[in-house]
Structure formats: structure tokens, C-alpha cells
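Below is one structure, written out as C-alpha cells; the observations come after it.
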Amino acid sequence: MKVTVELSGGLELLFDKKKTHTLEFADKDEIPLRDLILYMRDNLLKERAELFVVDNTVRPGILVLINDADWELYDGIEYIVKNGDTIIFISTLHGG
Amino acid sequence: MKVTVELSGGLELLFDKKKTHTLEFADKDEIPLRDLILYMRDNLLKERAELFVVDNTVRPGILVLINDADWELYDGIEYIVKNGDTIIFISTLHGG
Amino acid sequence: MQDSSNIASYTQNHSLDNKEIERYGRQLITPDIGVQGQMLLKAAKVLIVGAGGLGCPVALYLAAAGVGMLGIVDYDTVEIGNLHRQIGHRESSTGVPKCESLAAQIKELNSLVETKTFNTVFTSDTAIDIIKQFDIVVDASDNVATRYLVSDACVLTKKPLVSGSALKWEGQVTVYNYNNGPCYRCLFPVPPPAETVTRCSDGGVLGPIVGVIGSLQALETIKIINNNPQNGVLSGRLMIYDGLAAVFRTVRIRSKQASCQVCGDNPTITQLIDYTQFCRSNYSESAGK
Amino acid sequence: MQDSSNIASYTQNHSLDNKEIERYGRQLITPDIGVQGQMLLKAAKVLIVGAGGLGCPVALYLAAAGVGMLGIVDYDTVEIGNLHRQIGHRESSTGVPKCESLAAQIKELNSLVETKTFNTVFTSDTAIDIIKQFDIVVDASDNVATRYLVSDACVLTKKPLVSGSALKWEGQVTVYNYNNGPCYRCLFPVPPPAETVTRCSDGGVLGPIVGVIGSLQALETIKIINNNPQNGVLSGRLMIYDGLAAVFRTVRIRSKQASCQVCGDNPTITQLIDYTQFCRSNYSESAGK
Ligand SMILES: [Zn+2]
Ligand SMILES: [Zn+2]
């Protein structure tokens, strides 16, 4: 399965400054969003994991979107990610 | 088959002020874009057809998009519209 | 004017005077504005929290459009380092309170608009009294603590909140507390860890980014004032602009949360709290000076 | 300033003076700008065709950002009826040529910027001589004939063209003639029938709409000047904003057309033509007065 992960609002700085990542899991055809987040923390993040994950979920101030809709409109972190899904992590901005 | 037609840049004024139209052709599973345009002229446009169609194609100043891409990137008016396609007609703006 | 006959057909039975017709003619012939819309704008009172990068275009466009009363809150003074993005101030206003500087520009642009300036820090002590004087609030602030404060205060006083934010090449816009939509706290029940918050003074920000976001906020404000059923007000949706990629994305966000501490079914926050403590940060970017 | 140490790390080995560092500090710490970008902005010469609804935010944001030389062409004078959307003018400038009025505001906002004003109709006779003095052209005009004229002139002089347009609640932005991308004529080889063209004076237009589109044009101009490989310049793409629905759409458009009469393989237009005749309309909205 293939998942597209996008990062915005500065989160991309934690992920090699890349805004879009394509993840392939050859041996799976679905993956719990919770596991995807921990996979990202353990494999894509090099340092300062606490700026992305706190208490096994995304830290406060990050919105998670499943195919352009807030994960609260689905099952949140319990959502089962499917082949072709796009998961977006947005750090909310405060400046002006 | 079902086609979504969207109108913007003021063209919607010719089409009952509706920006989005869903067209169903129960007896077809594809339709040449040329025929779709003439169908729109004959069935959705009430008057002033020359503001939409001239010489059997859209008048100059209208961009046609097939699923968010310029029809020149496909076959233009020769494109065969399929079930689920979105066709957008944009009148270019000149004001400022 | 070539279009006087056209305008005339829109302006029968109204209480706008000739000066107003002359000034707003090309606006009130816009579909879904009309004379009724122009009169609603004239009657409206909008509070702008922050007279910086976002507040400048918000204030200038709302003043130009003829919003009758504009409130501006900002405790800061104009510095040369603001002028790369804050187009509502001038070099000659260096050292002048930002709310006064912006109000002076508004007066030069549209003397029909009344302004109320609040040269003060927007805090739990001052927020409610200020907000109560207005119908709609625009969040053009620059820090987390103020964003929670403004949102809670809007919930407690039942005012819609047009929220914009920007940093570097990016911006975000949405409308909170409108037509039973979510509030800021519905989306962000817990404040972000202080170390994850990048300030404009550290990360930089480009003028056109706040120009885009502030202009979007001004338009949403006008749509809320006009209150036409076909207005697609940006409530329950968040618009995200990535200026470097030149891409906008509009995403659906959660509705009002029953569990929300301030706007939910059993609110535990029924008056303003200490937001600097709650967010472990100050009410202003420059408070760390 | 709290962020002086941060700024200092970005500003070694440069030729910006202290005044410039103070003014542009929070801009040049933005990623992908830096001192190099600020120096490119300072060296850049941008021509803005039209000092109206779009031209005002374009000019103010480019001036604020520190573009070294801004040219402004407009033959019109400021009227009260412009001020609902043209935030770069003031009531006191009524009757003053728009290019002079806007240049005066620029000077008050950023006196380091040089302006060149052209108080003239932009025509086939004047266009090339004016454009040749600049690196990039911004189309902020308000009529079809000028849009073809500006585009052809940019092709003939090899200048990128940042094009914006607006009407009522909608706006469109794209970049023409950039990096082998299409020109206006590639997209629109034949002008629209005159009766299909709605003018702002007939259809109206809202200030925040031109605010959004003009700010987007200013940012694309800055990206072209900065010329970073990661800049997603809006060439080959058209951005469409529907303000009433609060929706943006970015669509892919055709590339440069081999058959284009002016930028194609065998151009038949090798010098400017009479665009009022070609479009059967005037160079200005108000020429029909
Ligand atoms: Zn809430
Ligand atoms: Zn061409």
C-alpha cells in the first residue's frame, strides 16, 4: 500500500524540509493511523521527536487531516489508513 | 453517466446563476465534449446563446477545463467525456 | 459617470446620501451587496485585535468598504522594522501607537468611518468590555495567548470571530463561533508546547502573505455583515495558503464540540482566565524584548 | 530588538546598510529570502501597469518589501468612487494623477524605494519604451485591449508578466512569458466578443477581492526576483478565487503554443499592433465616459 503524507505550517522542518512524503508498505494493505504516526516518528524524524509526538499522539497544536478533512470527522487516531489515502499534518500558525 | 459542469467568471449568469450543474445521461456511458457543449447550449441556456457558443465551440475568452486541467492538454473539443468527469467553463476576467 | 444610470437603478428607496452613493457606487452594484448590503456595512461595528501585518489590510479594506465603526486594539508603537509588511503605517509614524497610526490612515482613506482606538494590551481584564462594543471580532494578533483570549471572549459575548494567522511563506484563515460552528478551543483544546511556537520575529514573515490573509479576513467579515444565505462563510472550513508553492487548500474541520470547555454542553470556562499562564507565554511577541 | 542576534547571523558579508537591516530584518530571516534575496529585491525594477484596485496592493507590498525601482503607469486621476477598493490613494488626492498619488504613498511607506511615474495611456506607441526600463511587468490593468498590449510587449521585450484580474466576487492570477511558459495569447488567441466583457464599472468589484489578487501578484513577483529553484512560480497554472464561496482552485493550463502568433515558432506579430481595433474596445474602462 501507498500513503501520501504532507506536512505544513513548519512541521516539514522536522522532516528534512520535505513537504510531501510517499510511504510504501509492501507487506500491508492497511495501517492504523496511530501506527503510521509512530512509524513517522521512528523512521522519518531524526531528532526532537517531542515536537511532533507527545504521549503517543500528535502534540497539541497539530491538526491531522484525512483526505482533506479533520480527523475528528473520522475516528481520529483510531482511523485505519488505506491505500491511496493522503494524511496531512498542519501545525497551526499564530503570527501576524 | 453523470457529469459535473461548473461555471465561473460570470458564465453562471447565463445558466440560471447556478455555478454547479449535475447532468445525467441515462442512456450513455460517454459523450463527446462537443456534444456536451451543444447540449448545454440547447437545454440549459435560455437566451443569448452567442455569449457561450460561437461557430459550434465555446466563444473566445472561455477556458475549458477537464478535471482541473486545460482542455488543450487533452484533445480539446474532441475529448470524450466519461462518467464522473468534471468540466469547468471559466470566462476570463479583465477588470482590476 | 458613465454608470450613473446603472447605479441609480440599485439605489431607490434607501437612506444613503449622495456622497455615499458616489463613493460606494461600484461596490453596491456588486451582486449580493446592493444598497441593503451597503447600509448593513454602515451599521456594522467591527473590532480588529492587532494593528500589525494582518490588521493593516483588514482595517484598510473594511474602512474602504464603509464599515461604520472600526475598533483597533494594539498596545505597540510603530517601528521601522514593521514597515516591510505593515502597509497601514508610515515612516513618519515611527514611535506612534499603532492603533493611532492606523486610525489616522483610515481617516485619510475614508473620513465617513468612525474609529475607536484602544492603546492597551488586550487582557482578561480588558477584553470583554472592549468586545461588547462591537458586533464582529477580527483576530489579527500575533501570539498564542491572545488567540485563546480572543476566542474565549467571543464565545462568552457571542460574537463571530474571523481568524487569520501567518508565518514565513504560509497563512491560515477560518471563522470561529459563527452559526453554531466550532470555536478555537474546539479545534485546539490544549495549547501547543511553548517551544513549538515560532514567532514572526524568529521565523520572519512576508508582506504579501499577510496581505493575502488579511484581505481574505476582510472579505469574510463583509460576508458575515451582509448575511446573505448564499454567502459561503468560511466556518467549519480552514483555508491554508502555501505562498512558496502557490497552492491553496480548503479543508473541512470539526463542528462545535459538545466537550468544548468554553462553547460545549457543560462549559467549565465561564469567565476569562489567565491566558499567559495557560499558554506559558506572553500576550505579545515583543513582550520578550 | 530581541531578534538582533538571530538577524545578525543572516547578514554577514553583505552590502546592506544598517538602515536596511533594521527595516527588512524580519523579512530577510524568512527562509529562501536571506540577504541575497534582499539584495536581489533592491536591484530589481518592476513596472506596474495600472494604479487602481490591483495596482495599489501590488505597489504597496513591493515597495514595503524593498524592490529598488517601481514604475507605475496610469493616465487616470483619483476619484472618490475609486476609494472603496483602491487603498493606495487618499481623499486628499482626488483629482491627482493616480500614478503620482500612489508614488506619494510609496514614498511615505518606504523612502528607500525609487519610483518612476508614467502619467500616460499605455499604448502601442509608448509600451516598449516604458517596459524596456524594467525587469518584470505586473498587469494590474482593467481592460482587454491593455491586457493583449502588455502581453505582446512583454513577449517582444522578453519580460515575465505577472497577471491578475478581478470582477465582482472573483479573481484570477497567473504568470505569463516566464521560463518558456505560455503567454496571454497562447491561452486566448482570439479576443472575446466585446459584448461578453463585463467592466468593473458595470459589474462592480469588492476591495478585498483585489486585495487578495494584488497581494498574490506581489508575492509571485518577489518569487520571480528571488529566483530560488524551489519557488513554485505560478506559470503554466491559473489560480481562481471565488470569494463568495471562499474557494480557491489552481488549474493546469497549456504550455507555450508553437502556433502562438507572438511567442510561437513562426510569429506573425513582430511589433505591436492596434489593440483597440483588435479587441474592438478601448484602452480604458473610463474611456467610454
Ligand atoms: Zn468550542
Ligand atoms: Zn504565446
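All values reported here derive from a predicted model rather than from experimental measurement. Reminder, nothing fancy here: chain letters follow the sequence lines and each chain counts from 1.
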For D:Val144, is it the side chain, the backbone, both or neither that has a heavy atom under 4.5 Å from a heavy atom of chain B?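 For D:Val144, the contact with chain B is made by backbone and side chain together.
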Pairing residues for D:Tyr184 by the ring-ring contact (aromatic ring centres under 6.0 Å, His included) criterion, not counting sequence neighbours: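 Applying ring-ring contact (aromatic ring centres under 6.0 Å, His included) to D:Tyr184 gives D:Tyr148, D:Tyr176, D:Phe188.
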Non-hydrogen contacts under 4.5 angstrom with chain B: give the residues of residues 253-264 of chain D involved, or none if there are none.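 If one takes a 4.5 Å heavy-atom cut-off, the residues of residues 253-264 of chain D near chain B are D:Ile253, D:Arg254, D:Gln257.
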Are more than 12 heavy atoms from other residues, nucleotides or ligands located less than 6.0 Å from atom [atom1] of [X]?
X        : atom1 : value
B:Lys2   : NZ    : no
D:Glu195 : CD    : yes
D:Asn266 : CG    : no

What side-chain donor-acceptor pairs closer than 3.5 Å can you find for residues 49-64 of chain B, not counting sequence neighbours?
from    : atom 1 : to      : atom 2 : distance (Å)
B:Arg59 : NE     : B:Leu51 : O      : 2.8
B:Arg59 : NH2    : B:Ser91 : OG     : 3.2

Just distance, no hydrogens or angles: give the donor-acceptor pairs under 3.5 Å from side chains in residues 235-249 of chain D, sequence neighbours left out.
from     : atom 1 : to       : atom 2 : distance (Å)
D:Arg237 : NH1    : C:Ala245 : O      : 3.3
D:Arg237 : NH1    : C:Ala246 : O      : 3.3
D:Arg237 : NH2    : C:Ala245 : O      : 3.0
D:Arg237 : NH2    : D:Gly232 : O      : 3.0
D:Asp242 : OD1    : B:Lys19  : NZ     : 3.2
D:Asp242 : OD1    : D:Leu244 : N      : 3.1
D:Asp242 : OD1    : D:Ala245 : N      : 3.1
D:Asp242 : OD2    : B:Lys19  : NZ     : 2.6
D:Arg249 : NH1    : B:Asp68  : OD1    : 2.8
D:Arg249 : NH2    : B:Glu6   : OE1    : 2.5
D:Arg249 : NH2    : B:Glu6   : OE2    : 3.3

Does any backbone or side-chain atom of B:Leu11 lie under 4.5 Å from a heavy atom of chain D? Answer side chain, backbone, both or neither.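 Neither; nothing under 4.5 Å.
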Do D:Gln172 and B:Ile90 come within less than 4.5 Å of each other through their side chains, counting heavy atoms only?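 Side-chain contact under 4.5 Å: yes.
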Report yes if the side chains of D:Arg252 and B:Leu73 come closer than 4.5 Å at any heavy-atom pair, otherwise no.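 They are in side-chain contact.
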Once you round to the nearest 0.5 Å, how far does CG of B:Leu93 lie from NZ of D:Lys168?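 Here the interatomic distance stands at 9.5 Å.
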Of all heavy-atom pairs between D:Glu170 and B:Gly10, which one has the smallest distance, and what is that distance?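 Closest approach of D:Glu170 to B:Gly10, heavy atoms only: OE1-N, 3.5 Å.
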